[in-house]
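Scroll down for the structure; my scribbles are underneath it.
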Number of protein chains: 2
Amino acid sequence: MRQSKLFMPTLKEAPADAVAESHKLMLRGGYVRQVTAGVYAYLPLGYRVLSKAEQIMREEMAKINVPEMAMPDLLPATLWEESGRWQKYGPEMFKLKDRHGRQSLLGPTHEETFTDIVAKDLKSYKQMPIALFQIQSKFRDENRPRFGLLRSREFIMLDAYSFAATKEQLDQQFEDEKKAFTAAYHRCGLKVTPVIADSGTMGGKNSTEFQAPAAIGEDTIATNETGTYSANLEMACSIDTFKQEEEELKQVEEVATPGQETISDLVDFLKVPATRIVKSILYIANENEKVLVLIRGDKQVNEIKLKHLLDVDSLRVATDAELTDITGVTKGSVGPINADWADQVVADNTVNNLYNFVVGANKKGFQFKNVNLGRDFNPDKFADVRVANEGEPDPVDHLPLKFTTSIEVGHIFKLGTYYTKTMGANFLDKNGKAQPVIMGSYGIGVTRVLSAVIEQHLTKNGVAWPKEIAPFDLHIVQMKMKDEGQTNLAQKLEEKYSAKYDVLYDDRNERAGVKFADADLLGAPVRVTVGKKANEEVVEVKRPTDEKATEMTLSELDEFINKELG
Amino acid sequence: MRQSKLFMPTLKEAPADAVAESHKLMLRGGYVRQVTAGVYAYLPLGYRVLSKAEQIMREEMAKINVPEMAMPDLLPATLWEESGRWQKYGPEMFKLKDRHGRQSLLGPTHEETFTDIVAKDLKSYKQMPIALFQIQSKFRDENRPRFGLLRSREFIMLDAYSFAATKEQLDQQFEDEKKAFTAAYHRCGLKVTPVIADSGTMGGKNSTEFQAPAAIGEDTIATNETGTYSANLEMACSIDTFKQEEEELKQVEEVATPGQETISDLVDFLKVPATRIVKSILYIANENEKVLVLIRGDKQVNEIKLKHLLDVDSLRVATDAELTDITGVTKGSVGPINADWADQVVADNTVNNLYNFVVGANKKGFQFKNVNLGRDFNPDKFADVRVANEGEPDPVDHLPLKFTTSIEVGHIFKLGTYYTKTMGANFLDKNGKAQPVIMGSYGIGVTRVLSAVIEQHLTKNGVAWPKEIAPFDLHIVQMKMKDEGQTNLAQKLEEKYSAKYDVLYDDRNERAGVKFADADLLGAPVRVTVGKKANEEVVEVKRPTDEKATEMTLSELDEFINKELG
């Protein structure tokens, strides 16, 4: 391809509102342009990278025998009313009415459509397992689109769905998809960690996220050094290393703590360490259940883990007004003794094995000291509902947890019968009995992969694209377009290597400085500069990560290209 | 690919509301499913055909050096307000508001977006010509979606746009695109005729449609047998063969024709042929100009040709009330003599060379007889504004016109500066002077191509896909899955031919009748049945258009496949 025909409008400076390095590079290099907030056009350069990444994903899906199909973007509200998500999904859903007043939406994800169009057509266990995928635009009306393609309102996803008659078939498909996703990321040159994740509003309980470590990431993952444990911080578990020596049980004592609301207030006021205080926090689950949660004073409650434990749709801390209404006291005085108003008392594991600790007295401005489990109260259950801390031992190999910011580039879910039950997608099992189809769903954020790859492969003045998704393999840069010797050599090289590689030939009448700056932004794995020594058939060769270019004869170049590009 | 893994839910009967044969086949064969009115899911089989057609189009665009890119579906209203089409486009545009109340739309076409994102970045004549294309979903809220993919509300288009500094560059790009489109249709196995077309609401004056003759077509094209003239009936011209002998001019005579409104009324009442009567029809152009159109009584006015002649945005026949209001008389009595209320009188060429004819007298219930041009009135202009009739000589080679119903599968436009002027997309010419960029736009209805190919390649029980876009090249159908000899041979053939061809192996536990019926709907160019003679290494081979299958040995099969599939 000739660069004069490639529309690649580069910028000296990225617009001031671009924060993420990948966003800046994509704007500066003419990969993308914003059409409206959080909505992008992929210019030829961006489109090439996108296509190559998609092609890799297609190949990996073919390897696990998953055929491709395509759902529409425009979906009828009726399907989402069936699943209940028309109301539940919230303001991120783009809704619209057609000319006849029928409610429609732009698909943010396609569980409902696949359940309706595919799962309902699977009548017998003999037809299963079946899996399908598509690569398609998705629409989510983000309140605050940012970081370019990382949080945009129209983006491209690969989403796959599996339909099984048995749990074993689902497990197998889940493993196959995990393998295919991992291979695809690897070929795209992306370092990715699969982590334990929260299923969120997708339904189902068992899900794995693929996280690409990067400075700009909006997620935090907790991993040990050997990789035997990795989880999104939202779901991360750790071993609590604090140990209190066993003590003789002292008499409960009521102490006045007027105006002391927080743990640090109480530490100062009572002169006891936070590890001797148990925090009591009142939660409202599903807008009706009162759950009192206890946790050691030096730890924080992880509400996502708590929500999973309680298996509820919604969960929130009670407001101050509700707290007073329910308990008769204010924040700082609530506690587990005589807490008859609580429907359930859940204690984090850090509360176990404490002796003679402090809790709220359920009397305004008072605490109990020397409280002990068993003797003074018993929680309904103990569980891990706390935020893990960096450095704590992981729960598998007891190695210290390390925290890393990262970008979510994929998420796979064992949905089970969440959608098929509500939408009535049944099949007949071996005994002729109707059963709901068992589903899985699997998604790669394709446009996010592009951003994440750039974040992981930045160079001083541009990017070093991994070989398999580089927009071009080989970039031939001719210094002076009016030099006939240079033109002859550049065209000779273009012709020779175009047979095997994607070659871009910079044939523009531009200054050398402009050409080199653009070449850095383009980041082809091998750049060949045809300049002063063209008549001697000597060129300069540079990889994006090389400090300097190297002079090579044509045979040396040939050897180099074979080695680098294969 | 194994058929047990391909989701291809076939139906014995198409739903009753499917009218077009292509629609029925796509539903019966499991190529597509309707998600909501006029919105379809492409199941794996449909998706494969679609991908192959798209790949052909990509290759043809690459041959004319047009890079691919991708615009978003979600567009801001502001761009369409700039061009004026936010109001003009009408109820076919899907409009929506985002969570912040900003008006958006789903792209029905992308002239505005390309002008904004691309043309505005072309600052110098040195950067041009540039052309770009995309293959993408388009959205038009059809009042009455029908015929499956032929008139749907979400569909796939290839749309290309060119940006030129000179008219010559535009002409060259137009020719290149025409060549590429023609080649793409040809490779898809589609018979297509390029015809003179109306640009409609797209702007610009010079456009060519690509029409695929088919029984279900919504268009009519007029062509001569040698192909030297072809036009959409909307734009077709012909030579009027009627000739009236010259006569002595008689005296004008006012005759009462009470209650006679139509030409056939007058023919009966006055006992004169329709060719001696001139119809006068009052049109309202741009909602303010009164245009009186004259045409010989045996011909009809072609309003599209009239609109082009007048160069107006809107044109309609005056209502009865308007007619009375303006002329003082009612339908049937209007005429060109003393028609001072008319801003303009346009006569079709058929009115020329008439003698002693009848026109309305502008007096209720009266006509003038023996009227003559020149002596009694003079139109402001003569032009061809009539509907061509089948059998009339074409205007190029004077061969009889033949009418054919057909499907519009593409349309290319010389837009000129229609969008760039209103949206302010200028470049600096050689003299440093700002000029509006000169645009062209070029579209293929990709999903329509699928329907049109099926319409042109129907067989008794299914379809005979052209080789380059068949979902699979080779269909291996094993009769009995429990027969080990058959399994061995089928798998051997699958392995052998998969290296070079797209092979589908029907490995399902289904009855032979089901398998054959499905194979007819799938329509692979070559079907190989592995049945009773598997142990002798003899198979049955059939092309979709063959009446019967032919027994072949494996070496005969090999030769046959090489010949058929290349």
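Not measured: the values here are computed from a predicted model.
Interface remark: of the candidates A:P72, A:P76, A:A41, A:P91, A:P72 forms the most heavy-atom pairs closer than 4.5 Å to chain B.
Looking at B:V32, neither its backbone nor its side chain comes within 4.5 Å of chain A, counting heavy atoms on both sides. With a 4.5 angstrom heavy-atom cutoff, A:N143 touches chain B via backbone and side-chain atoms both. The parts of A:V118 that come within reach of chain B are both its backbone and its side chain, each placing non-hydrogen atoms under 4.5 angstrom from that chain. Using a 4.5 Å cut-off between heavy atoms, B:F139 contacts chain A through its side chain alone, with no backbone atom that close. The part of A:K95 that comes within reach of chain B is its backbone (N, CA, C, O), which places non-hydrogen atoms under 4.5 angstrom from that chain.
Under the 4.5 Å side-chain criterion, counting only non-hydrogen atoms from C-beta, B:E92 is in contact with A:R99. Residues A:R2 and B:N65 form no side-chain contact, since every pair of their non-hydrogen atoms from C-beta on lies 4.5 Å or further apart. Using a 4.5 Å heavy-atom threshold, the side chains of B:L106 and A:L106 count as touching. Side-chain contact between B:T36 and A:D98: absent, with no pair of heavy atoms (C-beta onward) separated by less than 4.5 Å.
Here A:R102 contributes atom CZ and B:D141 contributes atom CG; the two are 7.5 Å apart, rounded to the nearest 0.5 Å. Taking CE from B:M69 and CG from A:L50, the interatomic distance works out to 11.5 Å, rounded to the nearest 0.5 Å.
A donor-acceptor pair is defined here as one N or O able to donate and one able to accept, closer than 3.5 Å; no such pair exists between the side chain of A:E68 and the backbone of B:Y47.
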*asked:* side chain to side chain contact (heavy atoms under 4.5 Å, CB included) for A:V35 and B:D116? Distances and angles first, verdict last.
replied: CA-CA 9 Å; A:V35 173; B:D116 187 61; 6.0 Å; no
